[in-house]
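Working notes, beginning with the structure itself.
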Amino acid sequence: MTELAITARGLTRRFGELTAVDHIDLSVEKGRIFGFLGPNGSGKTTAIRMLCGLLTPSEGEVAVLGRSIPAEAEKLRLEIGYMTQKFSLYTDLTTLENLRFMARVYGLAHGQRRQRIDEVLQQFGLTELRDRQLHAMSGGQRQRVALAVATLHRPTLLFLDEPTSAVDPQNRRDFWEKLFDLSEAGTTILVSTHYMDEAERCHRLAILERGKVRRDDSPQALMAALEGRVVEVSGSGLRALREQLMARPDVVSAAQQGSRLRVLFDEETTAPLDRLQAAAQHQTCQLARPNLEDVFMAATAGERR
Amino acid sequence: MNSLGRILAVAHKEFLQLARDRMTFGMIVMIPLVQLLLFGYAINTMVRNIPIAVVDLSGSAAARVIIEQVRVNQVVDIVSYLPTPQQAEAAVIAGEVRAALIFPRDLARRIASGATVGQWLVDGSDTTVSQVLLGLRNMPLRLDAGAPAGAYQASEPSFEVSLFFNPERRSAVNIVPGLTAIVLTMTMILFTSLALVRERELGNMELLITTPIHPLELMVGKLVPYTLVGLVQVVIILGLGHVIFAVPFAGGLGTLAIATLSFIAASLTLGLLLSTIARTQLQAMQLTVFILLPSILLSGFMFPYDAMPEVAQWIAEALPATHYVRLVRAVVLRGAELHQLSGDILWLCTFTLVVLLVATARFNKRLD
């Protein structure tokens with residue numbers, strides 16, 4: 001059996017009337033990249049904060065790296081790194097000053113400090129930005145500094161809360177390369193996102209919606225489960241066809257992508273291609289490979305209906 | 001010594017941020033400077049150059065001598081000479097002058113018999129002004145120089161004339177040392193309460209609490225730079241007070257430093273406590289004003305402590321500023337020694353310790 005970095009059972013957090021996280025179960029394997037995919041307000045940040053010990057759960061049990069949370073949260077501090085959703089370093093300090101401050105706060109030995117700071121500067125391509133104040137940096141550069149700080153004390157578990165929300169696609173790709181480097185070196189990473197392309201890179205994915213885990217598996221398995229349920233229609237009159245399809249009980253979603261209409265059928269439907277062809281007589285229909293967006297639509301369909 | 005390292009790390013970081021925050025840096029110097037000049041000058045000029053009118057019905061040499069004596073004390077400024085008391089009254093009512101001095105026709109006879117020589121018509125709508133002019137009623141007059149009736153032997157009233165004629169020096173001497181207490185209360189509480197709340201508002205706190213730092217280390221680390229800021233401010237106020245307003249310095253520097261440090265510590269921890277209560281920087285500022293107002297009014301800075309009702313004295317005793325106003329006046333003006341001040345210093349140290357522990361207990365390393 002693989003070792004687990006995080007286990008959660010029935011994890012719940014209520015804020016007054018609102019249940020932000022509603023009885024979620026999680027098992028995160030060591031050395032893997034685990035993703036939380038969900039829209040804003042789905043409970044991703046609340047869940048991460050509880051796993052870090054920043055928020056006390058209303059219900060449920062959590063064990064992180066073998067320690068019970070939140071009771072033993074203080075003992076975990078040296079083993080976890082956390083990148084907050086809102087940028088949380090000091091923007092009026094330079095890269096180097098931020099790194100030095102955090103290195104001392106984490107209690108790195110004096111001799112080790114300089115060496116380790118040089119290491120992360122190099123690792124994240126920050127050597128040239130070391131004397132620049134953070135408020136004068138781009139979103140992508142700042143995120144690199146934040147990741148450098150989060151990994152400064154060599155944590156075995158990293159929590160990244162929407163780390164790339166202010167970053168352009170090229171920098172996002174670079175950022176993920178760094179994550180895979182860290183993962184390769186044995187770090188467990190829990191990352192939340194609302195980007196499908198990022199979610200697809202995770203080893204395992206939990207789809208959150210309104211505080212509940214709707215699906216929890218590898219992205220490939222999640223997509224494979226929808227095989228045969230996605231049909232693409234091309235031709236004319238797609239807007240009218242979409243209206244018509246959305247009214248049908250067996251159609252989960254119908255979304256236009258350029259000159260095509262992507263239609264997702266529910267689980268009970270057999271032979272969706274034939275059914276759709278019957279409705280769309282003037283257009284061509286063909287089965288399509290399911291993607292994560294389809295998975296997300298299928299996973300959250302129950303709530304929207 | 002990880003703990004000491006972390007405290008130093010926080011202090012160092014705080015210094016860097018302070019040095020780059022020009023606004024705050026400017027305030028550190030400007031607040032004591034502006035307050036010193038405001039209080040130093042405004043309170044002095046209050047009792048000077050009050051505009052008055054004079055009505056001399058006697059037309060005698062004695063009247064001119066008295067008028068000259070009234071004029072040279074600089075409390076009043078004679079802006080007009082009017083022929084009749086009715087016109088003088090009208091001028092007072094119209095607000096052209098604050099008062100009028102009237103000499104009767106039989107001035108020479110009154111001087112000879114030692115009776116009241118003249119009458120003041122005073123505008124009572126400004127109590128401070130009228131208080132000062134009422135004091136003029138008892139002004140001693142010397143008529144030996146050129147007075148035809150010989151030495152004036154009136155029933156000379158025994159009032160505190162010296163206090164009255166030298167308001168400038170006495171008030172500045174009293175105000176400037178007390179002002180250090182007020183400026184420190186304002187800046188120390190404000191800066192520390194803002195420093196923590198700002199980190200929470202900007203999101204820095206969410207990262208900090210995931211590190212191994214202990215709340216007490218964070219708090220103490222933040223106090224170090226502001227302690228130095230407070231000392232700089234005291235030097236500005238007392239130094240310039242000495243140069244500009246000739247405030248004497250009777251006591252020892254060491255004694256002053258110990259008294260000041262204990263007060264700075266008390267104010268800083270109070271600021272930390274406020275920062276654990278306030279959610280936003282605006283709330284932190286409002287809470288600071290909530291402490292600042294009673295500190296100004298009740299500490300003995302503006303009104304004498306002994307004259308306050310008992311309840312007000314209790315409240316005053318709870319405020320650190322009250323103890324420091326006492327300490328700083330005792331050291332600077334009376335040259336008191338440390339052993340004579342132990343009560344107030346001990347009180348400030350106890351206050352610091354208790355408040356620091358309460359603030360640390362209130363500071364939660366959780367977000368809920």
Side-chain angles (χ1 to χ4, degrees), chain A residues 13-15 20 45-46 48-58 69-70 73-94 96-110 113 133-135 146 149-150 152-153 155 157-159 161, chain B residues 1-27 191 194-222 224-225 279-281 360-361 363-368:
Chain A
R13 172 71 200 203
R14 283 181 281 270
F15 295 104
T45 299
T46 305
I48 289 180
R49 284 178 174 172
M50 281 194 285
L51 296 176
C52 291
L54 295 186
L55 273 177
T56 314
S58 308
I69 298 291
E74 277 306 307
K75 291 178 187 162
L76 261 183
R77 298 295 180 219
L78 285 172
E79 296 173 67
I80 63 170
Y82 177 34
M83 211 172 132
T84 53
Q85 179 174 8
K86 197 180 164 202
F87 187 71
S88 57
L89 292 174
Y90 298 97
T91 50
D92 50 355
L93 299 185
T94 65
L96 201 55
E97 285 162 352
N98 270 295
L99 283 169
R100 279 187 184 148
F101 171 62
M102 292 307 276
R104 289 167 85 179
V105 165
Y106 273 108
L108 263 63
H110 188 74
R113 222 148 54 203
Q133 288 180 28
L134 268 50
H135 63 75
V149 166
L152 189 62
H153 57 293
L157 174 59
L158 262 183
F159 292 97
D161 193 1
Chain B
M1 286 315 285
N2 274 347
S3 191
L4 184 65
R6 281 195 285 267
I7 290 173
L8 289 178
V10 174
H12 182 229
K13 181 220 77 174
E14 211 64 33
F15 260 123
L16 286 174
Q17 290 188 297
L18 197 58
R20 276 174 206 165
D21 182 357
R22 288 192 183 185
M23 187 71 192
T24 305
F25 205 69
M27 265 167 39
F191 288 158
L194 287 184
L196 262 185
V197 174
R198 187 169 49 220
E199 295 217 346
R200 201 174 303 144
E201 272 193 329
L202 292 179
N204 309 131
M205 198 55 80
E206 193 179 345
L207 181 68
L208 270 185
I209 57 182
T210 57
T211 70
I213 200 162
H214 188 274
L216 196 60
E217 294 163 357
L218 183 64
M219 303 243 170
V220 174
K222 284 198 170 277
V224 175
R279 296 243 149 221
T280 63
Q281 296 194 52
T360 308
F363 182 84
N364 206 332
K365 272 190 91 175
R366 303 253 163 83
L367 291 170
D368 46 13

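Naming: A, B, ... by sequence-line order, numbering from 1 per chain.
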In this structure, are over 12 heavy atoms from other groups packed under 6.0 Å from His135(A) atom NE2?
yes

For Leu207(B) and Tyr82(A), which heavy atoms make the closest approach, and how far apart are they?
CD1-O, 3.4 Å

Nearest 0.5 Å, what's the OG1-CG distance between Thr84(A) and Leu208(B)?
10.5 Å

How many angstroms lie between CG in Leu78(A) and OG1 in Thr211(B), if you round to the nearest 0.5 Å?
9.0 Å

Interface check, chain A: of Gln17(B), His12(B), Glu199(B), Glu217(B), most non-hydrogen pairs under 4.5 Å belong to Gln17(B)

Testing the basics here: between Ala9(B) and Arg104(A), what is the closest heavy-atom pair and its distance to 0.1 Å?
CB-CB, 3.5 Å

Please find the pair of heavy atoms, one from Gly203(B) and one from Ser88(A), that lie closest to each other, and give the distance.
O-CB, 3.1 Å

Given heavy-atom pairs under 4.5 angstrom as the criterion, report whether the side chain, backbone, both or neither of Met102(A) touches chain B.
side chain

Against chain B, work out which of Gly107(A), Ala73(A), Gly81(A), Ala103(A) has the most heavy-atom pairs shorter than 4.5 Å and name it.
Gly107(A)

Which region of Ile7(B), side chain (C-beta onward) or backbone (N, CA, C, O), has a non-hydrogen atom less than 4.5 Å from a non-hydrogen atom of chain A, or is it both or neither?
neither

Checking heavy atoms, do the side chain of Phe87(A), its backbone, both or neither come under 4.5 Å from chain B?
backbone

Arg49(A) versus Glu206(B): any side-chain heavy-atom pair under 4.5 Å?
yes

Compare all side-chain heavy atoms of Phe159(A) with those of Thr210(B) and state whether any distance is below 4.5 angstrom.
no

Identify the heavy atoms of Leu93(A) and Lys13(B) that sit nearest to each other, and give their distance.
CD1-CG, 3.6 Å

To the nearest 0.5 Å, how far apart are CG in Leu16(B) and CD in Glu97(A)?
4.5 Å

To the nearest 0.5 Å, how far apart are CG in Leu54(A) and CD1 in Ile209(B)?
4.5 Å

I'd like to know whether NZ of Lys86(A) has more than 12 heavy-atom contacts from other residues, nucleotides or ligands below 6.0 angstrom.
yes

Between Gln85(A) and chain B, with a heavy-atom cut-off of 4.5 Å, which part of the residue counts as in contact: side chain, backbone, both or neither?
neither

Looking at Asp92(A), is its backbone amide N or carbonyl O close enough to the side chain of Arg20(B) to form a donor-acceptor pair, meaning the two atoms are under 3.5 Å apart?
yes

